[in-house]
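Report on one structure; see the data block that follows.
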Amino acid sequence: MEEAFFLSDVFVIATGSSRVNVQALADHVEERLGELFDIKPLRLEGRTEGEWCLVDFGDIIVHIFQAEPREYYSLERLWGDAGRIRWEEPAVTDG
């Protein structure tokens, strides 16, 4: 992504099932990255509306959409030349 878009190293695109779900996902991303990496968003936009929420951490930009706006804006197509990292669920361990 860095070669295609000089403002960020990683672009995360996710889908929430409703306004409330998009808002909850944005809150969770903000909380977890804060806990894990001690960072706060530089910018948070669209949370109130909950159709497309942008959480900008500088090197990491997270876009959380509802299905219809995600299809309409089609960021995957727009940034199609950028490399992709597929999400894999972490292994669950008993502990």
Side-chain angles (χ1 to χ4, degrees):
M1 182 75 207
E2 191 173 1
E3 301 83 33
F5 188 63
F6 67 91
L7 296 177
S8 175
D9 291 338
V10 178
F11 219 47
V12 177
I13 303 171
T15 303
S17 58
S18 67
R19 179 178 65 86
V20 172
N21 188 230
V22 167
Q23 293 166 332
L25 289 169
D27 289 345
H28 186 71
V29 165
E30 182 178 358
E31 289 168 14
R32 289 297 289 159
L33 288 179
E35 291 169 4
L36 295 171
F37 303 109
D38 193 31
I39 59 175
K40 294 186 183 290
L42 303 173
R43 203 169 81 203
L44 178 61
E45 296 195 21
R47 191 196 174 288
T48 303
E49 297 82 5
E51 289 188 14
W52 175 4
C53 186
L54 176 131
V55 188
D56 181 355
F57 292 94
D59 290 340
I60 302 168
I61 298 177
V62 180
H63 295 270
I64 307 168
F65 290 92
Q66 287 187 45
E68 191 174 309
R70 180 171 177 170
E71 185 177 326
Y72 178 80
Y73 289 105
S74 189
L75 293 184
E76 293 91 342
R77 181 185 50 78
L78 183 64
W79 296 105
D81 292 341
R84 291 187 182 207
I85 302 169
R86 293 280 177 204
W87 170 256
E88 293 183 25
E89 286 290 329
V92 177
T93 58
D94 293 331

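Note that the coordinates shown come from a computational prediction; the quantities given were computed from them, not determined experimentally. Residue indices begin at 1 and follow the sequence shown.
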Non-hydrogen side-chain atoms of P41 and V55 separated by less than 4.5 Å: yes
Test log, rule side chain to side chain contact (heavy atoms under 4.5 Å, CB included), inputs E30 and V62: CA-CA 10 Å; E30 182 178 358; V62 180; over 6 Å; no
Reported CD1-to-CZ distance for the pair I60 and F37, which is rounded to 0.5 angstrom: 6.5 Å
Separation of E71 CD from T15 OG1 (nearest 0.5 Å): 10.5 Å
Side-chain touch Q66/N21, heavy atoms, less than 4.5 angstrom: no
pair F57-L33: side-chain heavy atoms closer than 4.5 Å: yes
Side chain E45, main chain L54, donor-acceptor under 3.5 Å: no
Pairing of E68 and R70 as salt bridge, 4.0 angstrom limit: no
Parallel, tilted or perpendicular: ring planes of H63 versus W52, cut at 30 and 60 degrees: tilted
Non-hydrogen side-chain atoms of L75 and F11 separated by less than 4.5 Å: yes
Y73 reachable from I61 in the ILVMFWY side-chain graph, under 4.5 Å edges: yes
Hphob cluster co-occupancy, I39 + L25, side-chain heavy atoms under 4.5 angstrom: yes
Beyond-backbone contact of L44 with C53, side-chain heavy atoms, under 4.5 angstrom: yes
With E31 via side-chain hydrogen bond (donor to acceptor under 3.5 Å, both in side chains) - residues at least two apart: none
